[in-house]
Amino acid sequence: SLSIQAAELVASFLKESTSPLLCAASGDSPLGLYKELCQLKEQGIIDTSNWAVVSLDEWVGLNLTDEGSCAYSITRNLTKPLGLADKKVCFFDGRKADTDEVCREVESFIDSFKGMDVAILGLGMNGHIGLNEPGTPATIRTHVSILEPLTKQVGQKYFDKPMPLQQGITLGIGNLM
């Protein structure tokens, strides 16, 4: 019932915008919300044709093509079922060598929508938000973070084999505020 209520709330916020931008987190916590949003669309209760999605974060070294990546999860559970066009979706490409360029691309996408309307967030086991580890300055924007040991350990659950997670690329607290 909480997922249903959350989906209705998210849909009502996004309905108020002419070009809504949803920041989507991966992980297990938002899956119920995403399922309910997709059902609202399937039932014709909401129109998502003008929605856009930006990913909250990604593991450095991974991108949409990698099962277990944040982009893979969001695509499978949200953007594909909602039928969003590729140009309406922005993921971090953690495989690109120039992570500063990746950060600029994501910032530019957000700016093109004049900011985010709704951000779906969760708290990591150590309190991280996105891949902003505890102690990250509140003013920082999109950046690469060094992952703490607990984040690396918990992150393994998304992969079939051990994955050498060392860094994340993420929206900063400044973006989210």
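Heads up: numbering here begins at 1 and tracks the sequence. Since the model is a prediction, treat every value here as computed from it, not as a measurement.
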Q. Between the main-chain N or O of G122 and the side-chain N or O of S29, is there a donor-acceptor pair closer than 3.5 Å?
A. no
(Q) Between D47 and K15, does any side-chain N to carboxylate O distance fall below 4.0 Å? (A) no
Q) More than 12 heavy atoms of other residues, nucleotides or ligands under 6.0 Å from NZ of K35: is that the case? A) no
Q) Roughly how far, to the nearest 0.5 Å, is the OG1 atom of T79 from the CG atom of D86? A) 8.0 Å
Q. Rounded to the nearest 0.5 Å, how far does CD of Q167 lie from CG of L147?
A. 7.5 Å
Q: Nearest 0.5 Å please: distance from the OG1 atom of T170 over to the CZ atom of R141.
A: 12.0 Å
Q | Pairing residues for K87 by the side-chain hydrogen bond (donor to acceptor under 3.5 Å, both in side chains) criterion, not counting sequence neighbours | A | none
Q) Hey, are the side chains of T18 and N50 touching, using non-hydrogen atoms and a 4.5 Å cut-off? A) no
Q | Side-chain (T48) to main-chain (W51) donor-acceptor, under 3.5 angstrom | A | no
**Q.** Pairwise side-chain contact, E105 with C90, heavy-atom cut-off 4.5 Å (strictly under)
**A.** no
Q: Quick one: pull up OG in S112 and CD1 in I110 and give me the separation to the nearest 0.5 Å.
A: 9.0 Å
Q. Where do E58 and S69 come nearest, in terms of heavy atoms and distance?
A. OE2-CB, 3.4 Å
Q) Do I129 and Y158 share a hydrophobic cluster (ILVMFWY, side-chain heavy atoms under 4.5 Å, transitive)? A) no
Q. Can you find a pair of side-chain heavy atoms, one from T65 and one from R95, that are under 4.5 Å apart?
A. yes
Q: Flag the pair L37 / L33 as yes when at least one side-chain heavy-atom distance between them is below 4.5 Å, and no otherwise.
A: yes
Q) Under 4.5 Å between side-chain heavy atoms, hopping through other hydrophobics if needed: is there a path connecting L121 to L31? A) no
Q. Quick check: does any side chain N or O of S12 sit under 3.5 Å from a backbone N or O of L9, one acting as donor and the other as acceptor?
A. yes
Q: Taking all non-hydrogen atoms of both residues into account, name the closest pair between G172 and N132 and its distance.
A: CA-OD1, 3.6 Å
Q.
Tell me if the CG atom of D160 is crowded by more than 12 foreign heavy atoms within 6.0 Å.
A. no
Q) How close do V154 and M125 get, heavy atom to heavy atom, and via which atoms? A) CG2-CG, 3.8 Å
Q) L165 versus F159: any side-chain heavy-atom pair under 4.5 Å? A) yes
(Q) Assess the residue pair I120 and Y34 against the criterion (side-chain contact (heavy atoms from CB on, under 4.5 Å)); give the C-alpha distance rounded to whole Å, side-chain angles, the decisive distance to 0.1 Å, and a yes or no. (A) CA-CA 10 Å; I120 307 303; Y34 297 160; 3.8 Å; yes
Q. Considering only heavy atoms from C-beta outward, does the side chain of I74 approach that of F91 to under 4.5 Å?
A. yes
**Q.** Steps toward side-chain contact (heavy atoms from CB on, under 4.5 Å) verdict (K96, E101)
**A.** CA-CA 9 Å; K96 275 192 176 177; E101 178 185 343; 3.7 Å; yes
Q: Determine, step by step, whether V10 and L22 satisfy the side-chain contact (heavy atoms from CB on, under 4.5 Å) criterion, reporting the C-alpha distance in whole Å, the side-chain angles of both residues, the deciding distance to 0.1 Å, and the verdict.
A: CA-CA 9 Å; V10 167; L22 172 67; 4.2 Å; yes
Q) If you look at every heavy atom in G127 and L123, which pair is closest and at what distance? A) O-CD2, 3.9 Å
Q. Under 4.5 Å between side-chain heavy atoms, hopping through other hydrophobics if needed: is there a path connecting V102 to V89?
A. no
Q) Going from CG on N77 to SG on C38, what distance comes out if it is rounded to the nearest 0.5 angstrom? A) 8.0 Å
Q: Keeping the roles fixed (side chain from N175, backbone from T142), state whether a donor-acceptor pair exists under 3.5 Å.
A: yes
Q. If you look at every heavy atom in S26 and D57, which pair is closest and at what distance?
A. OG-OD1, 4.2 Å
Q: Look only at the side chain of Q156 and the backbone of M163, and say whether a donor-acceptor pair between them is shorter than 3.5 Å.
A: yes
Q) Among side-chain atoms of E133 and T151, is any donor-acceptor pair under 3.5 angstrom? A) yes
Q | H143 side chain near T99 side chain, heavy-atom distance below 4.5 Å | A | no
**Q.** Residue pair W59 / L131: nearest heavy atoms and the distance that separates them
**A.** CZ3-CD2, 4.1 Å
Q) Is there a path of hydrophobic side-chain contacts, each under 4.5 Å between heavy atoms of I, L, V, M, F, W or Y residues, that connects F13 with I46? A) yes
Q.
Is there a path of hydrophobic side-chain contacts, each under 4.5 Å between heavy atoms, that joins L78 and L64?
A. yes
Q) Does the side-chain contact (heavy atoms from CB on, under 4.5 Å) test come out yes or no for I169 and C103, once each step is laid out? A) CA-CA 8 Å; I169 188 166; C103 291; 3.8 Å; yes
Q. Hey, what do you get for CD (E36) to CD (Q43), rounding to the nearest 0.5 Å?
A. 8.5 Å
Q: Determine whether M116 and L171 make a side-chain contact, defined as any pair of heavy atoms from C-beta on separated by less than 4.5 Å.
A: yes
